[in-house]
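A quick write-up on the structure given underneath.
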Amino acid sequence: MELEGVHELSGRVLDEVERAVVGKRAALELVLVGFLADGHVLLEDYPGLAKTLAARSFAQVLSMRFTRIQFTPDLMPSDVTGSSIWNQRDVDFEFRPGPIFTNLLLADEINRAPPKTQAALLEAMQERQATIEGTTHVLERPFLVIATQNPIEYEGTYPLPEAQLDRFLLRTAFGYPGRDDEAEVLGRRIERQTDDVALDPVVDRETLLEMQDAIEGVHVSESVRGYCVDIVAATRTSQSTAVGASPRGSLALLKLARCKAALQGRDFVLPDDVKGVAVPALAHRLVLRPELWVQRVSAEDVVADVLETVPTPKPEDVPTVR
């Protein structure tokens with residue numbers, strides 16, 4: 001597939017998803033960019049802001065097998081990965097795959113499960129495989145995770161460790177809709193006379209894989225690559241951070257910037273593409289100094305400050321061809 005096809009199909013996918021999730025084009029674009037980069041997405045927002053609806057809508061429009069896991073304190077790792085069950089007819093153990101064997105997995109309220117259950121996702125998210133009772137099972141591509149969590153209700157939760165947060169390619173939020181958008185939501189509900197929104201498939205699983213492969217054709221100049229490295233390095237030396245972003249953060253910047261350029265119809269990356277994805281790609285990877293919590297300084301603020309201080313490559317230093 002050519003990059004022009006990626007641009008055209010991405011626009012159609014977003015248009016169709018927006019039939020269900022109204023007025024959140026920028027956030028939906030970020031989610032799609034994460035999918036095109038073959039990465040996992042963390043949605044951290046208040047209840048009722050279409051996090052689950054967005055995941056289900058993308059699964060319908062992209063024609064992917066969809067599974068939802070409601071994370072609870074009593075959820076066991078085998079409830080995620082599957083386990084072997086004794087089959088009396090065959091007089092042998094039979095492996096029953098868990099919900100992790102899918103294309104798009106919704107890990108709803110992921111921080112409500114204990115660490116041992118959260119850890120059941122680590123191998124799958126990083127290596128696209130699951131080792132169960134000594135046997136390694138390869139997961140079918142694409143394997144994408146959308147995880148949700150509530151940023152205000154922490155009673156009875158288990159915060160995600162930094163190692164697991166780092167496996168999410170990006171973190172974003174939808175936020176409350178504007179007045180006109182919320183009125184549009186009500187109007188559409190009255191018009192269709194049902195809560196469910198029926199969306200039409202735009203691409204199939206094989207086409208999505210072709211779109212992911214086509215992203216490799218997006219050119220990234222040496223100066224833009226250096227810009228990505230400088231931004232990540234600045235998070236490590238910032239006086240606001242105890243731990244900065246790892247090289248995985250640099251790779252996340254690179255992959256997301258290439259996908260963003262493709263969605264804009266370009267086959268080369270500009271510094272503005274890097275800036276547009278820096279906050280969702282890096283903020284969740286930072287550990288701030290404890291004293292900043294009192295000052296209400298967020299990781300997003302730190303990344304924004306880094307973008308202000310790191311010199312942007314000059315236009316003449318950003319070649320647009322290989």
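Residues: numbered from 1 along the sequence shown.
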| field | Side-chain (Arg225) to main-chain (Val220) donor-acceptor, under 3.5 angstrom | value | yes

| Are side-chain N/O atoms of Thr131 and Glu123 paired as donor and acceptor at under 3.5 Å? | yes

| request: Of all the heavy-atom pairs spanning Pro99 and Ile69, show the shortest one and how long it is. | output: CG-CD1, 3.6 Å

| said: Using 0.5 Å steps for rounding, measure from the NZ atom of Lys260 to the CG atom of Asp273. | reply: 7.0 Å

| Are any side-chain N or O atoms of His40 and backbone N or O atoms of Leu169, one a donor and one an acceptor, separated by less than 3.5 Å? | no

| task | Quick one: pull up CZ in Arg12 and CG in Asp200 and give me the separation to the nearest 0.5 Å. | result | 10.5 Å

| query | Take atom CD in Glu2; do more than 12 heavy atoms of anything else shown fall under 6.0 Å from it? | reply | no

| message | Any non-hydrogen side-chain atom of Tyr227 less than 4.5 Å from a side-chain atom of Lys275? | response | yes

| task | State, to 0.1 Å, how close Ala245 and Val232 come at their nearest heavy-atom pair, and which atoms those are. | result | O-CG1, 3.6 Å

| field | Expected output: side-chain Thr172 to main-chain Ala27 donor-acceptor under 3.5 Å | value | no

| message | To the nearest 0.5 Å, what is the distance between CZ on Arg167 and NE2 on His284? | response | 11.5 Å

| query | Between CD of Glu109 and CZ of Arg112, what distance do you get to the nearest 0.5 Å? | reply | 5.0 Å

| message | Less than 6.0 angstrom from the centroid, inside 45 degrees of the normal: does Arg266 satisfy that with respect to the ring of Phe268? | response | yes

| query | Strictly by modelled atom types, are Ser78 and Ser83 linked by a side-chain donor-acceptor pair under 3.5 Å? | reply | no

| Enclosure of Glu308 CD (heavy-atom neighbours >12, cutoff 6.0 Å) | no

| query | Which pair of heavy atoms, one from Leu53 and one from Ala20, lies closest together, and at what distance? | reply | CD2-O, 3.5 Å

| message | Treating Arg289 as the side-chain partner and Ser240 as the backbone partner, does any N or O pair qualify as donor plus acceptor under 3.5 Å? | response | no

| query | Under a 4.5 Å cut-off applied to non-hydrogen side-chain atoms, are Val22 and Pro177 in contact? | reply | no

| said: Regarding Arg179 and Glu184, does a basic nitrogen lie under 4.0 Å from an acidic carboxylate oxygen? | reply: no

| Quick one: do the Arg141 and Gln212 side chains pair a donor with an acceptor below 3.5 Å? | yes

| request: Test side chain to side chain donor-acceptor pair (under 3.5 Å) on Thr241 and Thr235 and set out the steps. | output: CA-CA 7 Å; Thr241 58; Thr235 67; over 6 Å; no

| task | Please step through side-chain contact (heavy atoms from CB on, under 4.5 Å) for the pair Ser10 and Leu32, ending with a clear verdict. | result | CA-CA 8 Å; Ser10 297; Leu32 181 58; 3.8 Å; yes

| Thr207 side chain to Val203 backbone, donor-acceptor under 3.5 Å | no

| Side chains of Pro142 and Met64: does their closest heavy-atom pair fall under 4.5 Å? | yes

| So which heavy atom on Leu43 is nearest to which on Val31, and how close? | CD2-CG2, 4.2 Å

| CZ of Phe71 to CD of Gln149: how many Å apart, nearest 0.5 Å? | 11.5 Å

| said: Does this structure show an ion pair linking Arg188 with Glu191, if we count only N-O contacts that are shorter than 4.0 Å? | reply: no

| query | Is any NZ, NE, NH1 or NH2 atom of the basic residue among Asp45 and Lys51 found under 4.0 Å from an Asp or Glu carboxylate oxygen of the other? | reply | no

| task | I would like to know whether Asp196 and Thr194 meet side chain to side chain donor-acceptor pair (under 3.5 Å); could you show each step before the answer? | result | CA-CA 6 Å; Asp196 297 329; Thr194 180; 4.6 Å; no

| How far apart are the closest heavy atoms of Val21 and Leu28, and which atoms are they? | O-CD1, 3.9 Å

| task | Can you measure from CG (Leu42) to OG1 (Thr148) and round to the nearest 0.5 angstrom? | result | 8.0 Å

| field | Side-chain heavy-atom pair Met125, Phe168 within 4.5 angstrom cut-off | value | yes

| message | Before you tell me yes or no, could you show the steps for Thr117 and Asp79 under side-chain contact (heavy atoms from CB on, under 4.5 Å), namely the whole-Å CA-CA distance, both residues' side-chain angles and the distance that decides it to 0.1 Å? | response | CA-CA 9 Å; Thr117 303; Asp79 297 327; over 6 Å; no

| message | Between the side chains of Arg128 and Asp38, is the shortest nitrogen-to-carboxylate-oxygen separation below 4.0 Å, so that they form an ion pair? | response | yes

| request: With sequence neighbours excluded, tell me which residues meet salt bridge (Lys or Arg N to Asp or Glu O under 4.0 Å) with Glu140. | output: Arg65, Arg205

| request: With side-chain contact (heavy atoms from CB on, under 4.5 Å) as the test, would you mind laying out the steps for Leu106 and Arg56 before giving the verdict? | output: CA-CA 8 Å; Leu106 172 60; Arg56 191 166 60 245; over 6 Å; no

| Do the non-hydrogen side-chain atoms of Val41 and Phe35 ever get within less than 4.5 Å of each other? | yes

| request: Give a yes or no answer on whether the side chain of Arg68 reaches the backbone of Leu105 with a donor-acceptor pair at less than 3.5 Å. | output: no

| Can you say whether the rings of His137 and Phe95 are parallel (under 30°), tilted (30 to 60°) or perpendicular (over 60°)? | parallel

| message | Looking at every heavy atom in both Leu286 and Ala299, which two are closest together, and how far apart are they? | response | CD1-O, 4.1 Å

| request: Describe, in one word, how the ring planes of Tyr46 and Tyr176 are oriented to each other, choosing from parallel (under 30°), tilted (30 to 60°) and perpendicular (over 60°). | output: parallel

| Taking C-beta and beyond as the side chain, do Val6 and Glu210 meet within less than 4.5 Å on heavy atoms? | no

